[in-house]
Amino acid sequence: MTIEQHITKLAKSAVQALYNAEVDEAQVVLQKTRPEFEGNITLVVFSFAKQARKAPQVIASEIGEWFMANGNGLISKYNAVQGFLNLCISDSFWVEQLEQIDQDADYGRQADRNQLMMVEYSSPNTNKPLHLGHVRNNLLGYSIAQIQEANGWKVVKTNIVNDRGIHICKSMLAWLKYGNGETPESSGKKGDHLIGDYYVRFDKEYKKQISELMSQGKDEESAKKEAPLILEAQEMLRKWEANDPEIRALWAKMNEWVYAGFDETYRRMGVSFDKIYYESNTYLEGKSEVEKGLANGQFYRREDGSVWADLTKDGLDEKLLLRSDGTSVYMTQDIGTAKLRFQDYPIDKMVYVVGNEQEYHFKVLSILLDRLGFPFGKELVHFSYGMVELPNGKMKSREGTVVDADDLMDKMVEDAKEISKDKVNTLQGVTEEEANEIARKVGMGALKYFILKVDPRKNMLFNPEESIDFNGNTGPFIQYTFARIQSVLRKAESSPASSVSIKQLEEKELTLIQRLCEYPVVVRTAGDNFSPAVICNYAYDLACEFNSFYHDLSILNEKDEQKRALRLLLAKNVAKVLRSAMGLLGIEMPERM
RNA sequence: GGUCCGGUAGCUCAGCUGGAUAGAGCAACAGCCUUCUAAGCUGUGGGUCUCGGGUUCGAAUCCCGACCGGAUCACCA
């Protein structure tokens, strides 16, 4: 039983005994005692005032007194300030808690709930390399998967690769026209970057054609529709769907280049997938579902041959499902992908990690799946996160205003390497290889924490002019705290005793134990809210408190053996929880730094 | 225009299922390394929690209304 559960129970009994009144658990408000008052936990008694018919101050005192008499020694002291009853929990209770935490190798992990959650994230288009926006998506997706797993879900991480469609045709066309057979090998470029360059090239040439047409008197809209390049790209897409062997071969070749590039980027980011779907394999499934819906009257066909869903009854618009030329759109393939996934896995919850700009899309998808008779349609979760913005606005691939994922990771690791050069003392005797590994962990840790610490729902700002910090509320700060502990544990020689006999705790020791006790609740909250940021905040608080403890109290040089043992045990478990928490964020911990 | 999201210190962000005097980091300033890693610790200054109403013992937090910013409402993905 947690301390909160203990006190809640006691509080209910107290109110019953003292005022002969029944209170429900929601009325029992507990919070951490503010540092300016003495105590660990505070019971807020305002909510009892009505039933007790007394002033809050009096209630607090009376309950405090009752706790002292009936609390079985759990509460060692109390003080009442207005309606706040501040409780000191006995030191022996805290020491016991620490010992229990130490015994639990999976501390923080919730019981297996025997249900399967599929988490889709990343979902790249194969026409350009990944940028900072994708980085946020990948880190959030991976972290959410870890967090839900810790909350007892069986998690399947999945990726839907948008490998077909007009966008990839644009890159292909530009490569055919201007590429002179360039390959990743011949150019020395990473495959995804090479393809991205042609995507940008297409846009450039296309814009030229548009302005040419406009100078000939066309209005912008028809110029965009009639430019030869876009017509050619559309023709290419039709040929692709018609299985034209030449187009298919080119498509397969260029996609392979991109995948090789993505794999490299994913590997560096430390994200992975259990099952990858390709749009080219799912869109036909989607088409046939749409045909079925058409046949049973869910959808309708317009005169030009295009197929639509009427969603006006749901308060939405009409939605295109198949173009007049018969080709499919984004929505079509998402229907097909969903169907295949539910064939492949016994999914209890389907989560899509996709930016908030697509909220409308998922609202529609949910309704369409439901109409097509898929029981999971209504239940799907769109984990909608905010955009990454630059100081001058959104990133736009076609305009080249993007922060490239590979470049950014390079830069972070370089910066970490640069900073570590000053650490000649602590990193002495470390091989070049180990030093590089530390720089990789620290640089990536800084990047990941920087992104994950902000509330996922909110837009976040990234200023490329300012480098990401390595001091303060950062990943490296937490890694550093961990490395310090490892250093102490190495020097301690024998491993910490698992049980200690301590009469009185120092304030900073107690604070740390209390913080460790919160971890399981934090994991649950992060899961319920789909928020890695909750984990970040917790890890930061824990690291701060440890550093303060470390500064004030000596561990290895403590003469009292029991105190030394307690502090070692405490340090060991702080490290354990820090590693676990950071693991939920996909951040690795260096043994030294 | 409809719908959704956001607005907290100079900057980046916590806090939001209502609780005590609103917190961190960065930046600025002042201290702390012959003792377990100074990527650390301690302190100072910095606020009309966008504004106005309402609910209540109590509102940054909940409700309503303004204002500002963003997203979305495609035969794009």
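Chain identifiers are assigned alphabetically (A, B, ...) following the order of the sequence lines, protein sequences preceding nucleic acid strands; residue numbering begins at 1 within each chain.
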Visitor: Rounded to whole Å, please give me the gap between CZ in A/F546 and C1' in B/C36.
Guide: 9 Å

Visitor: By nearest atom, which of the nucleotides B/A20, B/C13, B/G19 is closest to the A/V44 side chain?
Guide: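 Nearest to the side chain of A/V44 among the choices is B/G19.
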
Visitor: Nearest to the A/N537 side chain among B/A14, B/U37, B/A39, which nucleotide is it?
Guide: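 The nucleotide sitting nearest to the side chain is B/A14.
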
Visitor: Does either side chain, that of A/E318 or that of A/Y300, offer a donor lying less than 3.5 Å from an acceptor on the other one?
Guide: yes

Visitor: Using atom C1' in both nucleotides, what's the gap between B/C76 and B/G69 to the nearest angstrom?
Guide: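 To the nearest whole Å, 25 Å.
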
Visitor: Between B/G45 and B/C4, how far is it from one P atom to the other, in whole Å?
Guide: 44 Å

Visitor: Categorize A/L461 for me: base, sugar-phosphate, or nothing, with a 4.0 angstrom heavy-atom threshold over every strand shown.
Guide: sugar-phosphate

Visitor: Salt bridge or not for A/E588 and A/R579, using N-O below 4.0 Å?
Guide: no

Visitor: Under 3.5 Å, which protein N or O atoms sit close to an N or O of nucleotides 6-10 of chain B? Give each pair with its distance.
Guide:
residue : atom : partner : partner atom : Å
B/G7    : OP1  : A/K458  : NZ           : 3.4

Visitor: Pick the P atom in B/A60 and in B/U8, then give their distance to the nearest Å.
Guide: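 It works out to 15 Å between them.
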
Visitor: Quick one: is B/U37 close enough that its OP1 or OP2 comes under 4.0 Å of any side-chain N or O from A/K491?
Guide: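 True: A/K491 side-chain N/O within range (under 4.0 Å) of B/U37 OP1/OP2.
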
Visitor: Would you kindly check if the NZ (Lys) or CZ (Arg) of A/R164 is within the cone defined by 45 degrees around the ring axis of A/W251 and under 6.0 Å from the six-membered ring centre?
Guide: no

Visitor: Expressed as a whole number of angstroms, how long is the span from A/K363:NZ to B/G2:P?
Guide: 15 Å

Visitor: By nearest heavy atom, map A/A533 and A/G165 onto RNA chain B; which one lands nearer the 5' end?
Guide: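 Per heavy-atom nearest nucleotide, the more 5' residue is A/A533.
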
Visitor: With centres under 5.5 Å and planes under 30° as the test, does A/Y550 stack with B/C36?
Guide: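 Yes, A/Y550 stacks on the base of B/C36.
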
Visitor: Have A/E359 and A/S384 got a donor and an acceptor in their side chains that come within less than 3.5 Å?
Guide: yes

Visitor: Decide whether A/D528 and A/T525 meet the rule of one side-chain donor and one side-chain acceptor closer than 3.5 Å.
Guide: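 Looking only at side-chain atoms, A/T525 and A/D528 do not form any donor-acceptor pair under 3.5 Å.
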
Visitor: Of all the nucleotides listed (B/A77, B/C41, B/A20), which has the minimum atom distance to the side chain of A/N162?
Guide: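 For A/N162, the side-chain atoms sit closest to B/A77.
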
Visitor: From C-beta outward on A/E359, which listed nucleotide comes closest to its side chain: B/A20, B/A71, B/C4?
Guide: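 The nucleotide sitting nearest to the side chain is B/C4.
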
Visitor: Is the glycosidic torsion of B/C33 within 90° of 0, making it syn, or is it anti?
Guide: syn

Visitor: Of all the nucleotides listed (B/G40, B/A20, B/A14), which has the minimum atom distance to the side chain of A/V454?
Guide: B/A14

Visitor: Can you confirm whether the side chains of A/D163 and A/T126 place a donor and an acceptor under 3.5 Å from each other?
Guide: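 No, A/T126 and A/D163 have no side-chain donor paired with an acceptor closer than 3.5 Å.
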
Visitor: Please give, in whole Å, the distance from B/C41 C1' to A/K508 NZ?
Guide: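 Computing the A/K508:NZ to B/C41:C1' distance gives 9 Å.
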
Visitor: Quick check on the 6.0 Å ring-centre criterion: do A/Y199 and A/F202 meet it?
Guide: no

Visitor: Record whether the side chain of A/D422 comes under 3.5 Å of the base of B/A38 through a donor-acceptor pair of N or O atoms.
Guide: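 Side chain to base: no pair below 3.5 Å.
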
Visitor: Does A/Y360 have a side-chain nitrogen or oxygen under 4.0 Å from the phosphate oxygens OP1 or OP2 of B/U72?
Guide: no

Visitor: From the options B/C57, B/G70, B/U37, select the nucleotide whose nearest atom is closest to the side chain of A/F46.
Guide: B/C57

Visitor: By the 4.0 Å heavy-atom rule, please label A/S554 as base, sugar-phosphate, or nothing.
Guide: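 If one applies the 4.0 Å heavy-atom cut-off, A/S554 turns out to touch a base.
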
Visitor: Does A/Y540 stack onto the base of B/A24, taking stacking as ring centres under 5.5 Å apart and planes under 30° apart?
Guide: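 The ring of A/Y540 is not stacked on B/A24.
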
Visitor: For the residue pair A/F46 and A/F84, categorise the inter-ring angle as parallel (less than 30°), tilted (30 to 60°) or perpendicular (more than 60°).
Guide: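 Correct class here is perpendicular.
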
Visitor: Is a side-chain donor-acceptor pair under 3.5 Å present for A/S122 with A/N138?
Guide: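 Yes - a donor-acceptor pair under 3.5 Å links their side chains.
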
Visitor: Output the single nucleotide from B/C73, B/A77, B/A20 whose closest atom is nearest the side chain of A/H167.
Guide: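 The answer is B/A77.
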
Visitor: When the C1' atoms of B/A9 and B/A27 are considered, how many whole Å apart are they?
Guide: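 My reading of the C1' atoms in B/A9 and B/A27 gives 12 Å.
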
Visitor: By nearest heavy atom, map A/V29 and A/F462 onto RNA chain B; which one lands nearer the 5' end?
Guide: A/F462

Visitor: For a quick check under 3.5 Å, do A/R302 and A/S306 share a side-chain donor-acceptor pair by atom type?
Guide: no

Visitor: Is A/R34 near enough to B/G15 that one of its side-chain N or O atoms lies under 4.0 angstrom from OP1 or OP2?
Guide: no

Visitor: Starting the side chain at C-beta, find the nucleotide from B/C41, B/C26, B/U37 nearest to A/N471.
Guide: B/C26

Visitor: Report yes if the ring of A/F37 lies under 5.5 Å from the six-membered base ring of B/A20 with planes under 30°, and no otherwise.
Guide: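 A stacking contact exists, since A/F37 sits close and nearly parallel to the base ring of B/A20.
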
Visitor: Which stems, defined as runs of 3 or more consecutive Watson-Crick or G-U wobble pairs with both pairing distances under 3.5 Å, involve RNA chain B?
Guide: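 Expected stems, ordered by start: B:1-7 with B:67-73, B:10-13 with B:23-26, B:28-32 with B:40-44, B:50-54 with B:62-66.
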
Visitor: Using atom C1' of each nucleotide, how far apart are B/A39 and B/C26 to the nearest Å?
Guide: 14 Å

Visitor: Give A/Q358 one of three labels, base, sugar-phosphate or nothing, depending on what nucleic acid heavy atoms sit under 4.0 Å from its own.
Guide: base

Visitor: Between A/N162 and A/Y278, is there a side-chain donor-acceptor contact under 3.5 Å, judged purely by atom types and distance?
Guide: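 No, no side-chain donor-acceptor contact under 3.5 Å.
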
Visitor: Given B/A14, is OP1 or OP2 found less than 4.0 Å from the side-chain N or O atoms of A/N473?
Guide: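 For B/A14, OP1/OP2 do not have a side-chain N/O of A/N473 under 4.0 Å.
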
Visitor: Between B/U37 atom C1' and A/L489 atom CG, what is the distance in whole Å?
Guide: 13 Å

Visitor: Roughly, in whole Å, what's the span from CZ in A/R592 to C1' in B/A39?
Guide: 16 Å

Visitor: If we count only N and O atoms by modelled type, under 3.5 Å, do the side chains of A/N159 and A/Y277 hold a donor and an acceptor together?
Guide: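 The answer is no; no qualifying pair exists.
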
Visitor: Would you measure the distance from the P atom in B/U61 across to the matching atom in B/A74 and give it in whole Å?
Guide: 35 Å

Visitor: Given the C1' atoms of B/U50 and B/C68, what is the spacing between them in whole Å?
Guide: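 Approximately 8 Å lies between the C1' atom of B/U50 and that of B/C68.
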
Visitor: For A/L237 and B/C76, what is the distance between atoms CG and C1' respectively, to the nearest whole Å?
Guide: 12 Å

Visitor: For atom C1', what is the distance between B/G52 and B/U72, given to the nearest Å?
Guide: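 It comes out at 29 Å once rounded to the nearest Å.
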
Visitor: Given B/U12, B/A77, B/A38, identify the nucleotide with an atom nearest to the side chain of A/E279.
Guide: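 Among B/U12, B/A77, B/A38, the one nearest the side chain of A/E279 is B/A77.
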
Visitor: Can you identify which nucleotide, out of B/C13, B/A38, B/C73, has its nearest atom closest to the A/R484 side chain?
Guide: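 The answer is B/A38, which lies nearest to the side chain.
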
Visitor: Go through the N and O atoms of the side chain of A/E36 and the base of B/A20, and report whether any donor-acceptor pair is under 3.5 Å.
Guide: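 Checked by distance alone, the answer is no.
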
Visitor: According to a strict under-4.0 Å criterion, is A/R490 in side-chain N/O contact with OP1 or OP2 of B/C36?
Guide: no

Visitor: For A/E357, report the nucleic acid contact type (base, sugar-phosphate, nothing); a contact means any heavy atom under 4.0 Å.
Guide: sugar-phosphate

Visitor: Using atom CG of A/N459 as one end and atom P of B/U72 as the other, report the distance to the nearest whole Å.
Guide: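 For the pair A/N459 CG and B/U72 P, the rounded distance is 11 Å.
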
Visitor: If the cut-off is 4.0 Å, is A/T426 near the phosphate of B/U37, judged by side-chain N/O to OP1 or OP2?
Guide: no

Visitor: Parallel, tilted or perpendicular: which fits the ring planes of A/W240 and A/Y283, with parallel below 30° and perpendicular above 60°?
Guide: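 Tilted.
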
Visitor: Under the 3.5 Å rule, do the base of B/A20 and the side chain of A/T42 count as making a donor-acceptor pair?
Guide: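 Side chain to base: pair found, below 3.5 Å.
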
Visitor: Looking only at side-chain N and O atoms, does A/E389 offer a donor or acceptor that is under 3.5 Å from a partner on A/N459?
Guide: yes

Visitor: How close or far is atom C1' of B/A74 from atom CZ of A/R323, stated in whole angstroms?
Guide: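 One finds 10 Å between C1' of B/A74 and CZ of A/R323, rounded.
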
